[in-house]
Amino acid sequence: MNSPMLEKARRFEEEARLEIADGERPRFHLSAYTGWLNDPNGFSYYNGKYHLFYQYYPYESHWGPMHWGHAVSGNLLEWEYLPAALAPDMYYDSDGCFSGSAYTLPDGSQALLYTGVHCDGENGSKVDTQTQNLAVGDGLDYQKYDGNPIIAENMLPAGASKSDFRDPKVWQEKDGSYSCVAVSRAADGSGQVLFYRSKDGYRWRFESVLVENKKRFGMMWECPDFFLLDGKWVLLVSPMDMQPQGFEYHSGNNTICLMGDFDEEKGVFIEQSNQSMDYGIDFYATQTMLAPDGRRILIAWMQNPDAVTIREPHSPWAGQMCIPRELSVKDGRLYQKPVRELERYRGEKVAYEDVSVTDGDGVTLAGVAGRVLDMELIIRPKDKGNIYTKFEMRFAKNDEYFTRLSFRPHEGVLKLDREFSGSRRAIVHQRRCLVDGYEDVLKLRVILDLYSVEVFINDGRQVMNATIYTEPAAEEISFHADGEVRLAVEKYGLEK
Ligand code: FRU
């Protein structure tokens, strides 16, 4: 039986969705069914379909008491909305069903393990209690488990905060048992990742502190994920309140990748390196899943949490996911590429092999325009003794607007700038990325989907993205240079 609160949300979204015309949403990026979306949750493959749940407030396009929205897809790109899966209708989640993950139970049903938030008055001020709770279902309807909470305060290590204890990410081991990582705030006030195990998916026990932040990367950590990929253990976390570190990390919330080994006996991660997951503007709260064909696929909330005001308050939806990315490890770095399914949507190819772009008003190329497209660029100097000073691509452009991607080879810096995208907010509009290992040739793959741009640099060694809310009619693209650039372009419209 669904609760009246969940039924109300389902009735509301069924009506409110009709107010959002097809053309008002991104085509391939999942956006809120109605109202507000933040983190991806429960990213999984269940009964022959990909399932993606998300932090959801259906009633308004801003954050509110968290529900779980739900969508399914056969190919990670065309999503079908299903009715909301969870509402904050129990004592232990009365202030929100926060982030969590999905797994298949031994009897074939689907489990959602999520954070329940309950706020209580204590010493005159309100204090959150965050616990981990289970809902079990069939891919459409989910019942909250009578034994909730199943991971609570009594399973926290000494000194850990019960107010910041959330975002359980579960995976199944080869022997059928389950493992889980969740985050909490340690006694020093900064984040840590906790490791739990379960034989049956219901009864959990605390194993170890997998890794402590010790204030190295921001303060509290959110949305952990942990997996073995190409022989390396990868820990993804989203730290809050970071200070900038060179070109690698920016101030505010970041998502970082720590790579290393795992001492399974002690349940401790041995860290060897760290890198930013996205050098652009809008990227947070990643979650991955293992696809049936063995690919490790990542998705994230395409939003900088400090810039949630970028959408007007009356916009019918706020929040979208990034394009799912396939992950791999090469030369000690995590690489990310758009899922290969995207290539199936490529329309006619428009290609230019060797265009000279020099100082002047800019070059436009017949057939190279649009707001929903997949484009590959190879940017080279004319010759090694004659290196250009700057290359720039302007897109989502008309007489009033443009967004630009510019590269200065002498510094190796690629810059994404959405200042003239139509934004009316005093938020971050530019971000720079130091291109790792740059030597003469820069390879970019640019994906546009109406309200976003994603740039995969040198086969996915680095990525930069941003949301833009420029009117869709602004679809020109032009190329500019200081000095001479030789440019190769391959452009495909993306069509459903
Ligand atoms: C990350 C986050 C999570 C939390 C959820 C609440 O964006 O703060 O830690 O579970 O969002 O919506």
Side-chain angles (χ1 to χ4, degrees), residues 9 30 32 35-43 52-70 84-88 92-102 112-119 128-135 149 151 160-170 180-186 190-194 213 217-225 235-242 252-256 277-278 281-288 298-310 318-322 467:
L30 183 72
W36 165 271
L37 163 158
N38 58 293
D39 314 355
N41 295 155
F43 191 24
L52 183 59
F53 302 81
Y54 51 91
Q55 290 287 282
Y56 183 36
Y57 184 57
Y59 301 108
E60 319 246 9
S61 46
H62 57 73
W63 196 87
M66 280 291 114
H67 295 55
W68 273 35
H70 189 188
L86 301 177
Y92 51 78
D93 63 19
S94 56
D95 289 278
C97 299
F98 275 21
S99 285
S101 53
L112 308 179
L113 184 63
Y114 70 97
T115 301
V117 182
H118 177 77
C119 236
D128 269 13
T129 300
Q130 301 191 339
T131 55
Q132 317 319 319
N133 299 282
L134 192 66
I151 307 180
S161 155
K162 65 171 185 157
S163 306
D164 280 307
F165 174 32
R166 58 181 175 271
D167 306 344
K169 172 70 202 298
V170 178
C180 171
V181 284
V183 281
S184 81
R185 206 185 273 274
S190 77
Q192 60 184 351
V193 179
L194 307 178
N213 179 10
F217 301 106
M219 293 302 291
M220 177 61 184
W221 282 356
E222 300 188 307
C223 303
D225 203 340
L235 178 71
L236 305 180
V237 284
S238 293
M240 302 169 81
D241 308 317
M242 275 185 78
N253 293 23
N254 286 241
T255 297
I256 68 175
M277 286 298 289
D278 196 290
I281 300 173
D282 288 309
F283 191 82
Y284 196 62
T286 50
Q287 192 166 95
T288 72
L298 170 139
I299 197 155
W301 176 32
M302 193 158 36
Q303 182 72 66
N304 168 1
D306 280 335
V308 291
T309 55
I310 187 168
Q320 56 180 312
M321 301 296 173
C322 71
T467 56

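Remember, it's 1-based here, ligands and their atoms both numbered in the order they're listed. It should be emphasised that the depicted structure is a prediction, and the values quoted were computed from it without experimental measurement.
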Give every pair made of an N or O atom of ligand 1 and a protein N or O atom lying under 3.5 Å apart, one pair per line with both atom names and the distance to 0.1 Å, or write 'none'.
from: ligand 1; atom 1: 7 (O); to: Asp39; atom 2: OD1; distance (Å): 2.8
from: ligand 1; atom 1: 7 (O); to: Asp39; atom 2: OD2; distance (Å): 3.3
from: ligand 1; atom 1: 8 (O); to: Glu222; atom 2: OE1; distance (Å): 3.4
from: ligand 1; atom 1: 8 (O); to: Glu222; atom 2: OE2; distance (Å): 2.8
from: ligand 1; atom 1: 9 (O); to: Arg166; atom 2: NE; distance (Å): 2.9
from: ligand 1; atom 1: 9 (O); to: Asp167; atom 2: OD1; distance (Å): 3.4
from: ligand 1; atom 1: 9 (O); to: Asp167; atom 2: OD2; distance (Å): 2.7
from: ligand 1; atom 1: 9 (O); to: Glu222; atom 2: OE2; distance (Å): 2.9
from: ligand 1; atom 1: 10 (O); to: Ser99; atom 2: N; distance (Å): 3.1
from: ligand 1; atom 1: 10 (O); to: Asp167; atom 2: OD1; distance (Å): 2.6
from: ligand 1; atom 1: 11 (O); to: Asn38; atom 2: ND2; distance (Å): 3.3
from: ligand 1; atom 1: 11 (O); to: Asp39; atom 2: OD2; distance (Å): 3.0
from: ligand 1; atom 1: 12 (O); to: Asn38; atom 2: ND2; distance (Å): 3.1
from: ligand 1; atom 1: 12 (O); to: Gln55; atom 2: OE1; distance (Å): 2.7
from: ligand 1; atom 1: 12 (O); to: Trp63; atom 2: NE1; distance (Å): 3.1

> For the side chain of Gln132 and the backbone of Phe165, is there at least one donor-acceptor N/O pair under 3.5 Å apart?
Replying inline: yes
> Would you say the ring centroid of Tyr92 lies under 6.0 angstrom from that of His118?
Replying inline: no
> Is there a donor-acceptor contact under 3.5 Å from the side chain of Ser101 to the main chain of Val170?
Replying inline: yes
>> Tell me if a side-chain donor or acceptor on Asn213 pairs with a main-chain N or O of Phe217 at a distance below 3.5 Å.
In response: yes
>> Applying side chain to side chain contact (heavy atoms under 4.5 Å, CB included) to Phe53 and Gln287, what does each step give before you reach the verdict?
In response: CA-CA 11 Å; Phe53 302 81; Gln287 192 166 95; over 6 Å; no
> Are any of the side-chain heavy atoms of Gln303 and Ile310 separated by less than 4.5 Å?
Replying inline: yes
